[in-house]
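Note that the structure is predicted; figures quoted are calculated from it, not measured.
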Amino acid sequence: MPSSLHPDRLLPVDAPARAVARRLYEAVRDLPILSPHGHVDPRLLVDDRPFNDPASLLISADHYVTRLLHACGVPLDELGVGQGPLPEQQARRAWRAMCAHWSAFRGTPVRYWMEAELVEIFGVTERPAAATADRIYDGIAARLADPAYRPRALFRRFGIEVLATTDDPADDLAAHRALAADPEWTARVVPTFRPDRYLEPGAGWAAAVARLGEAADIDTSDYDGYIRALEDRRRHFIAHGATSADHSHPDVGTEPLTHGEAARIHQAALQGTASEAEGVAFRRHMLLEMARMSCDDGLVMTLHPSVRRNHHAPTHHRYGPDTGHDIPLRAEFTDALRPLLHRYGTAEGFHLILFTLDETVFTREIAPLAGFYPSVYAGAPWWFLDAPDAIRRFRRAVTETAGFSRTSGFVDDTRAFCSIPARHDMSRRLDCGYLAELVTEHRLDEDEAMETAVDLVTTNPRRAFKL
């Protein structure tokens with residue numbers, strides 16, 4: 001069967017709504033991509049080397065793809081997870097495995113993204129299957145040898161205006177400096193401050209805190225020095241273009257500790273004697289401290305909590321983190337964030353963007369919070385929720401309480417570089433479809449819907465993430 005993309009994919013089935021959605025989508029389809037939260041390695045753009053092979057590019061680095069193939073019985077070894085660029089024969093085996101299990105992706109957003117990548121970027125005209133795997137592989141491999149398919153060329157082709165990476169506070173950000181100093185590079189690639197490991201006492205925490213101190217050239221053996229080091233590294237990130245700090249913990253508790261109690265737990269954690277309960281209390285206190293620092297230095301604070309990281313210990317030990325087995329937990333925001341919002345919820349210039357993997361809280365908690373606090377924005381559906389039906393549910397759940405202006409704009413949250421345009425295109429189509437339904441229900445005029453469609457792509461992410 002030939003592979004093609006229907007021009008009206010994801011738009012409403014109802015003819016009048018579809019006609020409106022087409023007009024709205026036409027207005028936003030080619031607008032630049034603002035990607036304020038993602039995980040692409042900036043060195044990819046500094047080095048600008050040809051991609052090694054189709055499997056390393058499109059399969060091994062995309063845990064959305066590998067996790068479902070693993071569920072179908074394909075070993076992660078066979079897919080090259082955690083192995084870097086693959087030798088050709090192994091890359092071909094991984095590609096064949098994906099094509100042979102193509103039916104597993106039916107109805108998933110992965111199918112949408114991957115089809116868009118294959119057809120629109122690489123010109124694939126056949127549907128992936130065991131019989132077509134090698135032909136498709138050869139066609140993509142030939143294109144990857146073309147300079148037009150190097151990272152920088154694709155970046156420009158994708159229409160990316162801003163790309164945020166995710167970076168360790170101790171990172172020297174050399175790749176970002178190199179891009180900023182390159183006269184041939186005009187797009188914005190900005191770092192994001194991700195301090196989770198430095199806020200969560202436990203195994204390896206003392207070494208991490210020492211590394212933080214070395215990066216800041218500040219003694220972190222006492223609590224006050226530790227705080228100053230975090231503040232110093234935030235300033236370092238801001239100097240390199242950062243606009244946000246990203247946080248992901250099991251919960252978003254923000255109960256404060258006294259200075260003395262925080263200092264005591266800091267010392268106990270360095271010595272390895274802090275209890276689990278003390279570690280949780282310290283982490284919650286430090287999340288509150290991160291909000292204080294955001295009020296001081298202006299970094300947007302993004303929260304995406306309630307994930308059981310590395311759910312399958314044997315896979316974590318063998319392949320490392322971020323290999324497809326993080327599983328969502330129930331989330332609670334209203335009471336957990338009350339101490340933080342009591343102090344800073346109306347602070348001028350403070351931005352707090354709330355993401356979730358538990359969509360039950362969109363209506364119950366996140367939308368009401370965003371509909372009252374001037375600091376709070378409802379983060380777009382992401383990770384397991386960045387799928388067509390979940391995005392539609394998000395719009396219906398949030399808009400009636402918080403409107404459109406209190407939402408963040410789409411975030412692609414991806415390490416899979418070539419999926420960025422497909423993910424943003426999916427969001428634009430779905431938002432245009434929702435707006436078209438409001439127009440055909442006579443709840444919105446079409447000129448208002450057109451303005452809103454553009455705002456969701458441009459104004460909202462610029463405002464929420466201070467771009």
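- A ring-centre distance under 6.0 Å is found for H236 and H240.
- Shown here are the salt bridge (Lys or Arg N to Asp or Glu O under 4.0 Å) partners of D224, two or more places apart in sequence or in another chain: there are none.
- Here salt bridge (Lys or Arg N to Asp or Glu O under 4.0 Å) pairs that include residues 197-212, with residues two or more places apart or in two chains, are D168-R197.
- A donor and an acceptor atom, one from each side chain of R143 and Y149, are located under 3.5 Å apart.
- Residue pairs meeting the salt bridge (Lys or Arg N to Asp or Glu O under 4.0 Å) criterion with at least one member in residues 294-303, sequence neighbours excluded, are R234-D297, R292-D296.
- No hydrogens or angles considered: a donor-acceptor pair under 3.5 Å links the side chains of T360 and D358.
- When ring centroids are compared, W185 and F155 come within the 6.0 Å threshold.
- Across all their heavy atoms, H325 and H312 have their closest contact at ND1-N, 3.2 Å.
- Between Y223 and H285, the two ring planes are tilted [angle within 30° to 60°].
- Applying the salt bridge (Lys or Arg N to Asp or Glu O under 4.0 Å) rule to E365 yields no partners; only residues at least two apart in sequence or on another chain are considered.
- Within the structure, every pair that satisfies the salt bridge (Lys or Arg N to Asp or Glu O under 4.0 Å) test and touches residues 246-274, not counting sequence neighbours, is listed here: R194-D246, D251-R283, D251-R284, E261-R264, R264-E278.
- Applying the side chain to side chain donor-acceptor pair (under 3.5 Å) test to residues at least two apart or on different chains, the pairs with a partner in residues 24-44 are Y25-D425, Y25-R429, E26-R29, S35-D412, H37-D413, H39-T166, H39-D413, D41-R43.
- Annotation: salt bridge (Lys or Arg N to Asp or Glu O under 4.0 Å) contacts involving residues 369-393, sequence neighbours excluded, comprise E359-R393, D386-R423, D389-R392.
- A centroid separation of less than 6.0 Å is found between the aromatic rings of F417 and F158.
- Counting only N and O atoms by type, the side chains of D77 and Y319 include a donor and acceptor under 3.5 Å apart.
- For the salt bridge (Lys or Arg N to Asp or Glu O under 4.0 Å) test, no residue two or more places apart in sequence or in another chain qualifies with R228.
- In this structure R415 satisfies the salt bridge (Lys or Arg N to Asp or Glu O under 4.0 Å) test together with D322, sequence neighbours excluded.
- Under the 6.0 Å cut-off for aromatic ring centres, Y64 and W113 qualify, their centroids lying closer than that.
- The two atoms that bring P305 and F333 nearest to each other are CG-CZ, 3.7 Å, heavy atoms only.
- Legend: residues meeting side-chain contact (heavy atoms from CB on, under 4.5 Å) with E214, ordered by chain and number and at least two apart, are absent.
- A 4.5 Å side-chain heavy-atom check between R156 and L154 finds every atom pair outside the cut-off.
- When the side-chain contact (heavy atoms from CB on, under 4.5 Å) test is applied to H351, the partners found at least two apart in sequence or on another chain are V300, Y377, K466.
- In terms of heavy atoms, P368 sits closest to R364 at CG-O, 3.5 Å.
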What pairs of donor and acceptor atoms, side-chain ones from residues 54-61 against any protein atom, are under 3.5 angstrom apart with sequence neighbours left out?
from: S56; atom 1: OG; to: D53; atom 2: OD1; distance (Å): 3.2
from: S56; atom 1: OG; to: D53; atom 2: OD2; distance (Å): 2.6
from: S56; atom 1: OG; to: L86; atom 2: N; distance (Å): 3.3
from: S60; atom 1: OG; to: L79; atom 2: O; distance (Å): 2.6

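- More than 12 heavy atoms of other residues, nucleotides or ligands sit less than 6.0 Å from atom CD of E231.
- Between R309 and S248, the side chains place a donor N or O and an acceptor N or O closer than 3.5 Å (distance only, hydrogens not considered).
- Closest heavy-atom contact between T356 and V361: OG1-CG2, 3.5 Å.
- When all heavy atoms are compared, the tightest approach of D167 to H176 is OD2-CE1, 3.4 Å.
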